[in-house]
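In what follows, a structure is listed as structure tokens, so that the remarks can point back to it.
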Number of protein chains: 2
Amino acid sequence: MKIAILGYGTVGSAVVETLLKNQDLIKARCNEEIIPVIALARSLKPNALIPIVNDIDEVLEREDIDVFVELMGGIDLPFEIISKILKRKKSVVTANKALLAYHRCELEKLAQDTAFGYEASVAGGIPIIKILKEGLSANNIVSIKGILNGTSNYILSKMTEDSAKFQEVLKKAQDLGYAEADPTFDIEGFDAAHKLLILANIAYGLRVKPEDILIEGVSKVSDEDIYFAKEFEYTIKHLGIAKIKDEKIELRVHPVMLNKDKMLAKVDGVMNAISVDGDVLGESLYYGPGAGGKATASAVIADLIDIARKEKNSAIFGYLNDTSYELLNKDEIYTRYYLRLKVLDKIGVLSKITHLMSEHQISIDTFLQKPKKEKQDYSTLFFITHQTYEKNIQILTQRLREQEFVKDDVFMMRIED
Amino acid sequence: MKIAILGYGTVGSAVVETLLKNQDLIKARCNEEIIPVIALARSLKPNALIPIVNDIDEVLEREDIDVFVELMGGIDLPFEIISKILKRKKSVVTANKALLAYHRCELEKLAQDTAFGYEASVAGGIPIIKILKEGLSANNIVSIKGILNGTSNYILSKMTEDSAKFQEVLKKAQDLGYAEADPTFDIEGFDAAHKLLILANIAYGLRVKPEDILIEGVSKVSDEDIYFAKEFEYTIKHLGIAKIKDEKIELRVHPVMLNKDKMLAKVDGVMNAISVDGDVLGESLYYGPGAGGKATASAVIADLIDIARKEKNSAIFGYLNDTSYELLNKDEIYTRYYLRLKVLDKIGVLSKITHLMSEHQISIDTFLQKPKKEKQDYSTLFFITHQTYEKNIQILTQRLREQEFVKDDVFMMRIED
């Protein structure tokens, strides 16, 4: 089985190296040789193990290629290229989460008679796509909760471990190569949102774009939140959450306070983990490296082996065209909330705050006010509410911001029970 | 697709109930109806949802059955029945780990042209068979380490959580239904050994029986060991371990001291978890319910859906007939060891012990002697050695037992780094 690699960066070179290094194993496992014969790259690579060209048509016109592996990144050009390839009934394996976040339905329609694999697009080498499509196929998926971005998880873990501030830890992450020079895509939740959409699509068949869902990053989490979490036996994690609620799907990506005894709360560093609740199995969790050349190559090659075994069928059965689920409106999210705010230390402030809360149907589960530091006028207050609607919390936080005794912003984080 | 259920106990009834309850979902997922038409049980069940018979031939002779689901338990009779069915080119799905621990190679040869699924035989509903065979197919498996028996894990977790003694916790487990009246098969490691063999067979293609491997249970773990583990930041877990070492396979099932920061160390209660180290991906971990009617039904039905999708191919490619790996001799296990022994409180004892250790090439990493309790003649000593061979530790422990200053047995546990 001959393959072409489109894009010869960290993942592309890892795929080629692994196909060569493990060729005997792979041949034994699928009764075929999987041979990378050509790669496309913007610049030529002197030490490459296979011929590299920079003319895309030279690769696309090769009739002898069975599978094209797209590792280019970007959305429009890969979409155009992959569509062409699928129309010619050739197979495609991709790692491109952005492409799939926007175009998966169209591409799966085009791939009806051929193979289209994208295991590598979510959670690196953890075979979560296969697990959801096949291993858990007997289950209605009640919820998916995932630590889907290693950069964000590293930052939160390190802030917790070292009781350190966000900016310090971000800098350290950048030094270690765990965060980009411009880290926005990772730390503001967009990367996790793309991956969540792909998983939600497999579980529920949604046609939703990243712009439609609630996305919040980790950049506003402070060392004070970390401190509070430790005191009250929570762990702060950045999760992508998909759940069924009243025949609608809730989709959101944001930091949460999680009970420290949950398995998801115990996942540290750059690792990813996805917790799935199925109506037959109950909760299961899948943990491993979510990024990196070899981790991603492991998933790409697993797809190639499936194709060689002629086992790949890309259709999401039953969800291909229609979905009966609507997206839940953000206002209808119903959970417990954490609030942190700085207030002037004077008479009547707490009374006003608690009055505002009861006006908006919000009651208090936990409250902490630490003695203020010397020479400061402001105290920091920490609340956890009982369950309430997102709509109520948004109005409350807005009204709190308007109070003259509140300094700076009001920080809100959702609790995930 | 018509199926027959052989054995209508907890799992059999859960399979039928789920096939009926989730029928729309299942039909959407594989474009077929999966219909249980008849079941075999020793006694008739008045509330059963499908016809139950107690004559096996009545079931086997049905030409209209596509897949037989074996949930009978036992070894010889299921082996005979499944062999007959496979020879007639019908498909089989089983949950029978003992059968597979002894007869998987023969059965897979018979299943060359038909489908043979056994996802349900290891780790309940965690799709670990599929993960090893397909999701991680690009990897040479460096090691597998699994918490494979929920009863043993529950006992060790509870002993740790409550600082309680083994017998107390075993009784509690029996009261809760987590342990049988005769708990031997679970707590002495045999259940975990069967499951480990199945996993090792997929990863390495071994032909090994449970009698060939090292199996130790949890019944000798004491609250003193739990105490020591906490002091030195270990957690005690009962693991099934398979590793490649010098072109041989190490297979062993026994309690270990694990560093408390490992993901495997964080798995509590009756849950199972398998950590797999692949040469491309690195470490990944799979966690979920390892037993129970519905958890097992989730795996059985996933196999049925695979068969309906015509994706099932039972052959372990490349490993069907020959394997180049030998089993490592137990004496050659090379790791760190924990020792606990009670010694007479008199001059020269520690000197004799440390002399014996150096005679056998064993050096000390950690040592604890707590002050002895009043009115007792004996102190308890705790050691962790540096890495050494199993052979040396076995001789050392034997020589220690022979010393007149040593009371009762010498307890040894392997460390897993």
Side-chain angles (χ1 to χ4, degrees), chain A residues 14 18-19 21-22 24-31 119 124-128 130-131 133-140 261 263 266-268 271 273 276 278-289 292 294-295 297-302 304-306 309-313 316-319, chain B residues 14 18-19 21-22 24-31 119 124-128 130-131 133-140 261 263 266-268 271 273 276 278-289 292 294-295 297-302 304-306 309-313 316-319:
Chain A
T18 305
L19 283 172
K21 176 171 172 288
N22 283 3
D24 292 340
L25 175 77
I26 292 168
K27 186 173 183 187
R29 288 207 170 142
C30 61
N31 266 342
E119 186 66 69
I126 311 170
I128 188 63
K130 180 177 278 291
I131 286 163
K133 276 193 178 185
E134 302 172 29
L136 301 177
S137 57
N139 292 262
N140 279 296
D261 292 327
M263 274 307 279
K266 302 174 188 182
V267 174
D268 290 326
M271 301 301 261
V276 183
D279 68 342
V280 186
L281 176 58
E283 191 209 350
S284 52
L285 181 133
Y286 308 94
Y287 160 97
K294 286 174 75 176
S298 178
V300 167
I301 298 172
L304 293 172
I305 291 174
D306 270 353
R309 284 171 167 165
K310 297 173 182 42
E311 275 173 30
K312 204 76 182 159
N313 189 323
I316 295 174
F317 296 100
Y319 296 141
Chain B
T18 306
L19 283 172
K21 176 172 173 290
N22 283 3
D24 292 341
L25 174 77
I26 292 168
K27 185 171 182 193
R29 289 210 168 140
C30 61
N31 266 342
E119 187 66 69
I126 312 172
I128 188 63
K130 179 178 280 288
I131 287 164
K133 275 194 181 188
E134 303 172 28
L136 301 178
S137 56
N139 292 262
N140 279 296
D261 293 327
M263 276 306 280
K266 303 174 188 180
V267 174
D268 291 327
M271 301 300 261
V276 183
D279 69 341
V280 186
L281 176 59
E283 191 208 351
S284 53
L285 181 133
Y286 308 93
Y287 161 95
K294 285 175 75 175
S298 176
V300 168
I301 297 172
L304 293 172
I305 291 174
D306 269 355
R309 285 170 167 168
K310 296 173 182 45
E311 276 173 32
K312 205 76 183 157
N313 189 323
I316 295 173
F317 295 101
Y319 297 141

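Residue numbers start from 1 in every chain, and the chains themselves are labelled A, B, ... in the order their sequence lines are given, proteins ahead of strands. Everything quoted here is computed from the prediction, not taken from an experiment.
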Name all residues meeting the side chain to side chain donor-acceptor pair (under 3.5 Å) criterion together with Tyr286(B); count only those two or more places apart in sequence or in a different chain, and write none if there are none.
Ser284(B)
Passing option when Lys294(A) is tested against Leu281(B), Asp279(B), Val280(B), Asn139(B) for side chain to side chain contact (heavy atoms under 4.5 Å, CB included)
Val280(B)
Going from NZ on Lys130(A) to NZ on Lys133(B), what distance comes out if it is rounded to the nearest 0.5 angstrom?
11.5 Å
Let me confirm one number: the CD1-CD1 distance from Ile126(B) to Ile131(A), rounded to the nearest 0.5 Å.
10.0 Å
Which residue out of Gly125(A), Ala299(A), Ala273(A) racks up the most heavy-atom pairs below 4.5 Å with chain B?
Gly125(A)
Hey, are the side chains of Met263(B) and Met271(A) touching, using non-hydrogen atoms and a 4.5 Å cut-off?
no
From Ser137(A) OG over to Leu25(B) CG, what is the distance, rounded to the nearest 0.5 angstrom?
8.5 Å
Hey, what do you get for CG (Leu285(A)) to CG (Leu285(B)), rounding to the nearest 0.5 Å?
7.5 Å
How long is the span from the CD atom in Glu134(B) to the CZ atom in Arg29(A), to the nearest 0.5 Å?
11.5 Å
Non-hydrogen atoms of Ala138(A) and Ala302(B) that approach each other most closely:
CB-N, 4.4 Å
Do you know which of Gly288(B), Pro289(B), Ala14(B) has the most heavy-atom pairs under 4.5 Å to chain A?
Pro289(B)
